[in-house]
Amino acid sequence: SGYTVWRSYDEPGGFRDQMYQIAKDNPQLVKLVVLGHTYQGREIIALKVTQGAKGQKDGSRPAVLYSSTQHAREWISAETNRRLLNWYLDEWKSNDKEVKDLLKSTELWFLLVANPDGYQYTFDTERLWRKNLRDNDGNGEITRGDGVDPNRNYPEHFAYDEEGSSSQTSSETYRGPSPASEPETQAMMALFDRANPEFQVNYHSFGEWLLYPEGWQIATPSGDDPIYYALSGNLDNPSIEDFEPGLSSDVLYVTNGETTDFAHVSHGTLAWTPELSDGGSGGGFVFPDDEALVQAEFERILPFSTDVAMSAVDPANPVSH
Ligand code: 0X9
Ligand code: ZN
């Protein structure tokens, strides 16, 4: 790719290759599942990490879902999530007792690239592309007005109002023609059915927030707020250093058809949208191609991310670092 840190989806050694390699290198711990295919035919891939991954029925242990790059340009989310996956595998190999116990009791699911077409497009054509690659005008090529926002297409308050998503195909928050019309949405929903996760962490960028549902309204924080509060921390002591925790619709803006709202309402999954750090260019979406800065960002999210995993066996008694 010509980058130090960043890897595209398709390139040799890119995300797709790496996911297959990780599954191959860790047969006891990792199972690869192809959840579906994009408009351009790319595989949408999830990895399950748990002891005896292949023999163990999916969803038979309490599960956590770490997802990233729904929005194509938010490269830092996929890369820090990839590092999280590798961190668990490395800790297992070095006999970290907590991680060993965790992977005997819990399934960790990784959807590193939730929007493979869009992600690849940001490497090949348009660095700041956000949406998927639905050909909205059906002219056979991808142009400016194409694509659906993968984080507005879920069947939870879909199209509830014009503020939280758009009916205009050219909008950056175009919700798509109908709920779950998009292959990326269907793949994520299939993963929810398969794993029925206790928790989801849906990494995005940017803004340094730790957001939770329900994002379609500001009046009422979600019903599980004691657990959300315990795991999110507060302004004085946020669970991710310098990330402001709070109700997504209040702290950021209202959305509808959004992933974590779907997760919470349809599956009872306690779900967060961490908005990672401002990249400093590209309007904030372009994070520097700098190993030390990327690793520091990963280390910043690590304690919260592992707290969530450690809490899955008994969500009512959350573990906080
Ligand atoms: O708009 C989004 O989908 C997310 N922000 S981003 O800048 N990464 O596009 C935030 C979604 C969080 N939910 C709500 N704000 N309701
Ligand atoms: Zn995003």
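Counting convention: from 1, in listed order, for ligands and their atoms alike. Not measured: the values here are computed from a predicted model.
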Worked check of ring-ring contact (aromatic ring centres under 6.0 Å, His included) between Phe110 and Tyr66: CA-CA 5 Å; Phe110 291 84; Tyr66 299 107; 5.0 Å; yes
Short N or O distance, Glu258 and ligand 1, threshold 3.5 Å exclusive: yes
N or O pair under 3.5 Å between Ser205 and ligand 1: yes
Is any side-chain N of the basic residue among [X] and [Y] closer than 4.0 Å to the acidic one's carboxylate O?
| X | Y | value |
| --- | --- | --- |
| Arg175 | Glu162 | yes |
| Arg83 | Glu291 | yes |
| Asp17 | Arg7 | no |

Hphob cluster co-occupancy, Leu84 + Met310, side-chain heavy atoms under 4.5 angstrom: yes
Transitive ILVMFWY side-chain link Leu210 to Val308, under 4.5 Å: yes
May I ask you to check whether [Y] and [X] place their ring centres under 6.0 Å from each other?
| X | Y | result |
| --- | --- | --- |
| Phe123 | Trp75 | yes |
| Phe243 | Phe304 | no |
| His267 | Phe262 | yes |

Atom indices of ligand 1 within 4.0 angstrom of [X] heavy atoms, with elements:
| X | value |
| --- | --- |
| Gly215 | 16 (N) |
| Asn151 | 2 (C), 3 (O), 11 (C) |
| Glu74 | 6 (S), 8 (N), 9 (O) |
| His204 | 8 (N) |

Residue-ligand contact Gln70/ligand 1, heavy atom below 4.0 Å: no
Whether Tyr212 and Tyr228 hold their rings parallel, tilted or perpendicular, with breakpoints at 30° and 60°: parallel
Nearest neighbour in protein (non-hydrogen) for [atom]:
| atom | result |
| --- | --- |
| atom 16 (N) of ligand 1 | Thr255 OG1, 2.9 Å |
| atom 15 (N) of ligand 1 | Tyr253 O, 2.8 Å |
| atom 9 (O) of ligand 1 | Arg130 NH1, 2.6 Å |
| atom 6 (S) of ligand 1 | Glu275 OE2, 3.5 Å |

Glu258 and Thr260 side chains, donor-acceptor separation under 3.5 Å: yes
Shell of protein N/O/S atoms around the Zn ion (ligand 2), taken as anything under 2.8 Å: His71 ND1, Glu74 OE1, Glu74 OE2, His204 ND1
